[in-house]
Amino acid sequence: MLRRTMLAVSASDRIRQIITAAPYARDVVARFVAGEGQDDALRVTGQLLGRGLLVTLDHLGEHTTDPDQAAVAAGEYIGVLGRLAAAGHARGGAAEVSVKPTAVGLGLGEHGEKTATENIARICAAAEAAGTTVTLDMEEHDKVEAVLRIHRELRGEFVTLGCVIQSYLRRSESDCAALARAGLRVRLCKGAYDAPAEVAFTDRRDVDRCYVRCLRSLLAGSGYPMVATHDPRLIEIAGTQAILAGRPVEAFEYQMLYGIRPVEQRRLAASGAQVRVYVPYGSDWYGYLTRRLAERPANLAFFLRSLASRR
Ligand code: FDA
């Protein structure tokens, strides 16, 4: 309930203005975001790789409203991929990128899908040249069909292009089954957006149950599962299911968000598992931050306390 309210309230322009203008907001944001520019992204990537973790970089921004902006967003990815390669961070896919389809044009009306497909193809070509991969983030439920279509269209040429499945959607079990058979890179998460009961489970227990069913299908399939969760129970289930499915540690990976359960990230990596950290950077942090706050009341309290105590 709090999560839905929080996601709804955060859509207000007035609230956005208040939060983004708050004097100490940026200090709090720093817990979840690497910084505003490529230098920050490269610095944090180097630190995480040095600790034995893998990285996926996300340039913050979503729901781009004009084609030029969408091209600029794609250019940002191409630029950062070049810098990852130059620093040796892209080698073997150690650091890759995650792309939100609406950041590169998906929401641009009639030609949105075509624009997004072309921009994502440019990013994939740059990633291939850098020796690394791209994963398409999944956004609101009404974008799922288009994103999976883009993924299908491009994966013939870019075989390592990954996509995300959200276990809160009722359709996801069958999507996972199809993607697992096709041998693809699939990130499984619970889902961070608001979605109506016709398409999404509303009880957290049902979301978790669906996560486990999807996990089983991906681990038993021929692809490369990316287990994106901070949930201790699901992490344990994933480890056990991977053993039962006969998957060695290099045949799947865990993924967590930058700033969330960093001790667990290092513990898993020290145990021999592959762990990738999703690292956002950029100045357009509002949407990302409010989704993180909505997930966890303790984060919201931390954020409000920080704003209040440092005025
Ligand atoms: P859940 O929210 O149930 O949390 C389980 C436990 O994890 C909590 O009890 C707490 O200990 C810890 N925890 C979780 N969130 C926390 C937070 N914000 N702060 C502190 N502790 C927290 N979603 C989406 O819709 N599309 C996408 O493309 C992606 N991509 C993505 C990539 C990666 C690498 C990750 C890890 C997640 C995503 N997500 C996403 C977000 C995902 O859908 C989900 O909203 C969050 O991961 C939180 O869900 P958990 O699975 O962690 O479980």
Side-chain angles (χ1 to χ4, degrees), residues 2-4 6-7 10 28-29 31-33 48 53-60 62 95-103 106 133-144 147-148 150-151 161-169 171-172 175 185-195 199-201 203-212 214-215 225-238 252-265 267-268 274-280 285 287-303:
L2 174 68
R3 178 171 172 273
R4 294 197 78 166
M6 192 47 212
L7 289 172
S10 69
V28 181
V29 170
R31 177 178 159 192
F32 300 107
V33 174
L48 293 169
L53 298 159
L54 305 168
V55 168
T56 183
L57 279 182
D58 162 43
H59 181 246
L60 291 165
E62 49 201 90
E96 61 135 39
V97 294
S98 287
V99 179
K100 286 200 170 32
T102 68
L106 183 59
T133 50
V134 177
T135 302
L136 294 182
D137 283 333
M138 196 59 87
E139 302 174 79
E140 292 86 352
H141 69 94
D142 58 351
K143 310 281 185 315
V144 173
V147 175
L148 292 180
I150 294 173
H151 182 245
L161 177 61
C163 66
V164 173
I165 295 294
Q166 301 152 313
S167 74
Y168 69 169
L169 294 184
R171 59 175 289 163
S172 289
D175 285 337
R185 291 174 65 250
V186 179
R187 172 191 298 157
L188 178 63
C189 67
K190 291 188 186 180
Y193 298 82
D194 198 13
V199 298
F201 299 111
D203 186 328
R204 304 290 294 168
R205 287 166 303 186
D206 289 330
V207 176
D208 289 1
R209 285 187 198 110
C210 182
Y211 195 103
V212 174
C214 289
L215 196 54
M226 302 180 278
V227 183
T229 183
H230 313 93
D231 190 326
R233 219 171 109 249
L234 292 179
I235 290 170
E236 201 181 321
I237 291 172
F252 72 104
E253 66 187 43
Y254 296 98
Q255 297 191 341
M256 294 190 206
L257 303 176
Y258 179 65
I260 301 184
R261 303 199 70 202
V263 175
E264 174 66 0
Q265 294 171 11
R267 185 198 69 79
L268 273 174
Q274 300 191 97
V275 182
R276 191 176 298 274
V277 184
Y278 184 104
V279 179
W285 45 260
Y288 181 85
L289 179 78
T290 52
R291 286 193 291 278
R292 301 294 77 80
L293 298 183
E295 269 153 23
R296 210 164 177 239
N299 284 344
L300 181 58
F302 164 74
F303 183 69

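We count residues from 1, following the sequence as given. Start at 1 and go down the list; that is how both ligands and their atoms are numbered.
Within a 4.0 Å radius of atom 18 (N) of ligand 1, the protein has at least one heavy atom. Distance remark: protein heavy atom present below 4.0 angstrom from atom 45 (O) of ligand 1.
Side chain of Gln166 to main chain of Glu139: a donor-acceptor pair is present (N/O by atom type, distance under 3.5 Å, no hydrogens or angles). Side chain of Arg261 to main chain of His230: a donor-acceptor pair is present (N/O by atom type, distance under 3.5 Å, no hydrogens or angles). Gln265 places no side-chain N or O within donor-acceptor distance of the main-chain N or O of Gly259, the cut-off being under 3.5 Å. Glu264 places no side-chain N or O within donor-acceptor distance of the main-chain N or O of Asp231, the cut-off being under 3.5 Å. Within the 3.5 Å criterion, the main-chain N or O of Val207 finds a donor-acceptor partner in the side chain of Ser167.
Of the polar atoms of Thr229, at least one N or O is found under 3.5 Å from an N or O of ligand 1, judged by distance alone. Checking only distances, Lys190 does come within under 3.5 Å of ligand 1, N or O to N or O. Considering backbone and side-chain atoms together, Arg31 places no N or O closer than 3.5 Å to any N or O of ligand 1. Backbone and side-chain nitrogen or oxygen atoms of Met138 are examined, and one is located within less than 3.5 angstrom of a nitrogen or oxygen of ligand 1. Residue-to-ligand polar distances keep Gln255 apart from ligand 1: every N/O pair is separated by 3.5 Å or more.
Contacts between Gln166 and ligand 1 below 4.0 angstrom, taking non-hydrogen atoms only, involve the side chain exclusively. Contact annotation for Asp231 and ligand 1: heavy atoms of both the backbone and the side chain come within less than 4.0 Å of the ligand. At a heavy-atom cutoff of 4.0 Å, ligand 1 is contacted by the side chain of Arg204 but not by its backbone. When non-hydrogen atoms are compared, ligand 1 lies under 4.0 Å from the backbone of Leu257 as well as from its side chain.
Listed by atom number, the atoms of ligand 1 under 4.0 Å from Ala192 heavy atoms are 23 (N), 24 (C), 25 (O), 43 (O), 45 (O). With ligand atoms numbered from 1 in the order given, ligand 1 contributes 25 (O), 42 (C), 43 (O), 45 (O) to contacts under 4.0 Å with heavy atoms of Gly191. Set against the non-hydrogen atoms of Met256, the atoms of ligand 1 under 4.0 Å away are 36 (C). Taking a cut-off of under 4.0 Å to the non-hydrogen atoms of Ala228, the atoms of ligand 1 that pass are 33 (C), 34 (C), 35 (C), 36 (C). Remark: ligand 1 atoms within the under-4.0 Å shell around heavy atoms of Val164 are 27 (C), 28 (O). Shown in contact with Asp137 at under 4.0 Å from a heavy atom are these atoms of ligand 1, numbered in order with element: 28 (O). Those atoms of ligand 1 that come under 4.0 Å of a heavy atom in Tyr193, given as number and element, are 24 (C), 25 (O).
No cation-pi contact links Arg276 to Tyr278, judged by a cut-off of 6.0 Å to the six-membered ring centre and 45° from its axis.
Side-chain atoms of Arg292 and Glu295, non-hydrogen and from C-beta on, do get closer than 4.5 Å to each other. Looking only at side-chain heavy atoms (C-beta outward), Leu215 and Leu234 stay at 4.5 Å or farther from each other. Residues Val55 and Leu53 fail the side-chain proximity criterion, which asks for heavy atoms closer than 4.5 Å.
Nearest-residue assignment for atom 23 (N) of ligand 1 (options Cys189, Ala294, Ala195, Pro280; heavy-atom criterion): Cys189. Considering Glu140, His230, Arg233 only, the shortest heavy-atom separation from atom 52 (O) of ligand 1 involves His230.
Under the ring pair (Phe, Tyr, Trp, His ring centres under 6.0 Å) criterion, Tyr168 pairs with no residue at all, not counting sequence neighbours.
The distance from atom CZ of Arg209 to atom CG of Asp203, rounded to the nearest 0.5 Å, is 6.5 Å. With values rounded to the nearest 0.5 angstrom, Gln274 atom CD is found 6.0 Å from Leu54 atom CG.
Shortest contact from atom 15 (N) of ligand 1 to any protein heavy atom: Glu295 OE1, 3.7 Å. Here the protein heavy atom with the shortest distance to atom 9 (O) of ligand 1 is Arg296 NE, 4.6 Å.
Ligand 1 lies nowhere less than 4.0 angstrom from a heavy atom belonging to Arg291.
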Side chain to side chain contact (heavy atoms under 4.5 Å, CB included) evaluation trace for Cys163 with Leu148: CA-CA 8 Å; Cys163 66; Leu148 292 180; 4.2 Å; yes
